[in-house]
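Reviewing the structure listed below.
These figures come from a predicted structure and were not determined experimentally. The figures here come from the full heavy-atom set of this structure, side chains too, leaving out hydrogens, waters and symmetry mates. So that the names make sense, note that chain A is the first sequence line, chain B the second, and so on, each numbered from 1.
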Amino acid sequence: MLDAKMIRANPEKVERELEKRNIKEGLKEFLALDEERRSILSKVEELRNFRNSASREVGELKKQGKDPQDLMEKVRKVGEEIKELEEKLKQKEEEIENILLRIPNLPHPSVPVGEDERFNVEVRRWGEPRRFDFEPKAHWDLGVDLDILDFERGAKLSGARFTVYKGMGARLERAIINFFLDVHTGEHGYKEILPPFMVNDYCMVGTGQLPKFAEDMFKVEGRDMYLVPTAEVPLTNLHREEILDDEDLPLYFTAYTPCFRAEAGSHGRDTRGIIRQHQFNKVELVKITRPEESYEELEKMTRDAERVLQLLGLPYRVVLLCTGDMGFSSAKTYDIEVWMPSYNEYKEISSCSNCEDFQARRANIRYRPARGEKPRYVHTLNGSGVAVGRTLAAILENYQQEDGSVLVPEALVPYMGGIKVIKRNDL
RNA sequence: GGAGAGAUGGCCGAGUAGGCUGAAGGCGCUCGCCUGCUAAGCGAGUACAUGGGCUAAAACCUGUGUCGCGGGUUCGAAUCCCGCUCUCUCCGCCA
């Protein structure tokens, strides 16, 4: 959520910045409603002030044995007036809130301006895509042939975009999860969290999924609870409604969770394989930082995510997203894209964002810079560290051999009980 | 699922025959004093949000709201009434 005071003070600037994101709605309505709200508010406060002092006077008159009947009657009438105005005020506030919660974050000045992904800027590359001397298979064929991915039975159990992992497939997925968590906790200083996989709607509003993107999520029937679409939600909301101590910052959290997404509006995209699923696993990174250090922390976090791909020997590139391609809550985002032979291109495997104080304001996460000083909003960052299913797909495709078997990346061998090759009929 | 208890400031903890309590007291913390250092002692300060005034911006002044959340009664509610949420204890059930 943007700061209402900031918008009020710089309406033209906000309009310009939102235009970069192709957003034209909301601002004017906000300004008009805000004006109305404030005029009602001063009236209400004036009347309440009268009521407070008059009530006090009533008490004193009574104490002196005088009859305060007239005054009481007057205050009662004012009370009715107050109630009416309060009703109006509440209505305005709700309308304003509703608009504000649907306006996205403003882009950081370093973000390239552009409509869509064509305007993203490649920042760096690592590794060299392998040249195959045979026709490489896509992971969905490899997985089926090795009998480690079962799409038909996934569909039987749950429907399209659900997959059953079997044998070494399940084992490999688990190995990747543990490997990622170990690297981020052991080498990068993140604290491991195992959060609930269902969260309430306050959390969803806090990180920005609600109210605008309700159709992207799975809601629990009959409750105000949602299956987490990413661990960003529970991790960022851990300190919702809190004032943190300066010395506790920055906080680094990592968590493995399954992620549940309705994938509304993505019919026909990535229908084959495990790239786009209703349920997938992810190891997430979240940072809660002081405002002045958040951009430095974004760079570090992106490097932390890249690190696991380097350890796995998977070629990737880092892309700076343009204004039109960024997520709702983000001020600046780097995507990490891994090389996928089946697509013959780089495919998103991580997204690292600095949300500045956008989520902090929604979730009311603050810190006190020093004793006696006013609380300030923290900055929140999140990044995939990285998507597990897509990593498994990338390993299958990049490490496949001509006979259809798949080499296990060296870093994962210890997590696979010493197994170095995945072949058909392995248990 | 059944029965009961509770929810107050950074923390602990007063406060129910409704009024001058944004909230006693203590702890913690900050600043100052004092002691050769430390400890002890003394004094002052120490919630959050928001409207307005002043300002370059603060500080500051002033109003309003907030004692789990939402409603009600009343001239006036932390204090009375209703609903909800959460926590704790006991019983039942369950991985």
Side-chain angles (χ1 to χ4, degrees), chain A residues 1-10 13 30-97 99-101 194-206 220 222-226 234 237-249 251 258 288 291-292 357 360-378:
Chain A
M1 187 159 64
L2 301 178
D3 180 7
K5 267 191 272 187
M6 185 277 290
I7 302 177
R8 213 182 290 149
N10 317 285
K13 185 192 169 216
F30 164 79
L31 290 169
L33 284 166
D34 184 55
E35 193 64 47
E36 292 178 50
R37 184 194 126 253
R38 274 149 67 213
S39 99
I40 298 172
L41 182 61
S42 2
K43 229 177 285 172
V44 171
E45 293 192 339
E46 201 178 305
L47 294 178
R48 284 201 281 225
N49 183 17
F50 168 77
R51 180 175 66 185
N52 288 346
S53 52
S55 294
R56 221 167 292 146
E57 208 177 314
V58 168
E60 266 165 48
L61 287 173
K62 278 190 172 177
K63 215 182 278 180
Q64 292 167 22
K66 292 178 185 159
D67 179 18
Q69 244 355 64
D70 290 353
L71 188 55
M72 278 165 69
E73 180 58 21
K74 200 170 168 193
V75 177
R76 202 185 55 73
K77 281 196 182 131
V78 170
E80 279 167 19
E81 207 177 327
I82 290 174
K83 202 179 240 178
E84 267 172 52
L85 283 173
E86 279 176 340
E87 199 94 355
K88 272 167 104 179
L89 185 65
K90 194 173 162 190
Q91 196 187 320
K92 291 292 170 210
E93 280 169 349
E94 274 167 16
E95 284 178 57
I96 289 169
E97 175 98 339
I99 289 173
L100 233 37
L101 285 175
L194 183 63
F197 299 161
M198 287 190 257
V199 297
N200 59 37
D201 47 3
Y202 296 106
C203 291
M204 288 298 191
V205 171
V220 180
R223 289 173 182 264
D224 287 331
M225 298 253 271
Y226 295 82
N237 278 285
L238 272 179
H239 293 289
R240 181 156 51 84
E241 305 290 342
E242 290 184 31
I243 299 174
L244 300 163
D245 289 333
D246 181 75
E247 56 263 33
D248 293 336
L249 299 180
L251 289 168
I288 296 179
E292 58 273 16
D357 63 6
R361 185 170 287 109
R362 290 171 158 249
N364 200 22
I365 312 167
R366 294 172 292 173
Y367 79 108
R368 204 179 290 280
R371 298 240 169 239
E373 280 190 43
K374 286 266 170 203
R376 299 175 66 193
Y377 288 113
V378 298

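The side chain to side chain contact (heavy atoms under 4.5 Å, CB included) check on A:Lys66 picks up A:Leu61, A:Gln64, with sequence neighbours excluded. In this view, A:Glu35 and A:Arg38 satisfy the side chain to side chain contact (heavy atoms under 4.5 Å, CB included) rule, not counting sequence neighbours. Applying the side chain to side chain contact (heavy atoms under 4.5 Å, CB included) criterion to A:Glu241, with sequence neighbours excluded, gives A:Asn364. Taking A:Glu94 as the reference, nothing meets the salt bridge (Lys or Arg N to Asp or Glu O under 4.0 Å) condition, with sequence neighbours excluded. For A:Leu101, the side chain to side chain contact (heavy atoms under 4.5 Å, CB included) partners at least two apart in sequence or on another chain are A:Met1, A:Glu97, A:Val205, A:Pro211, A:Arg362.
One C1' atom belongs to B:rG15, the other to B:rA7, and the distance between them is 15 Å to the nearest Å. Using atom P as the reference point in both B:rG22 and B:rC34, the two lie 37 Å apart (nearest Å).
Of the side-chain N and O atoms in A:Arg368, one or more sit less than 4.0 angstrom from OP1 or OP2 of B:rC48.
Counting to the nearest Å, the P atom of B:rU50 and the CG atom of A:Asp34 are 12 Å from each other. Separating the CZ atom of A:Arg240 from the C1' atom of B:rC86 is a distance of 13 Å, rounded to the nearest angstrom. Put simply, CG on A:Leu100 is 13 Å from P on B:rU50, counting in whole angstrom units. In this structure, A:Ile40 places its CD1 atom 15 Å from C1' of B:rU50, rounding to the nearest Å.
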*asked:* Each nucleotide in nucleotides 54-75 of chain B should get exactly one letter: B, S or -. Can you fill that in based on protein heavy atoms under 4.0 Å?
replied: ---------BBS-----SSS-B
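Positionally, the nearest nucleotide of RNA chain B for A:Glu57 lies more toward the 5' end than for the other of A:Lys5 and A:Glu57.
Contact check on A:Arg76 versus A:Glu73 returns a salt bridge, with a Lys/Arg side-chain nitrogen under 4.0 Å from an Asp/Glu carboxylate oxygen.
Counting any heavy atom pair closer than 4.0 Å across all strands shown, A:Arg8 reaches sugar-phosphate atoms only and no base atom. Using a 4.0 Å heavy-atom cutoff across all strands shown, A:Pro375 reaches sugar-phosphate atoms only and no base atom.
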Just distance, no hydrogens or angles: give the donor-acceptor pairs under 3.5 Å from side chains in residues 242-249 of chain A, sequence neighbours left out.
unit_1   : atom_1 : unit_2   : atom_2 : d
A:Glu242 : OE1    : A:His239 : ND1    : 3.0
A:Asp246 : OD1    : A:Arg290 : NE     : 2.9

In a table with atom names and distances, give each donor-acceptor pair under 3.5 Å that connects a side chain of residues 46-53 of chain A to protein atoms at least two apart or in another chain.
unit_1  : atom_1 : unit_2  : atom_2 : d
A:Arg48 : NH1    : A:Glu86 : OE2    : 2.6
A:Ser53 : OG     : A:Asn49 : O      : 3.2
A:Ser53 : OG     : A:Phe50 : O      : 3.1

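Helical stems in RNA chain B, defined as runs of 3 or more consecutive Watson-Crick or G-U wobble pairs with both donor-acceptor distances under 3.5 Å, are listed by first residue as B:1-7 with B:85-91, B:10-12 with B:25-27, B:28-33 with B:41-46, B:47-53 with B:60-66, B:68-72 with B:80-84.
Remark: the backbone N or O of A:Cys203 is paired with a side-chain donor or acceptor of A:Asn237 at under 3.5 angstrom.
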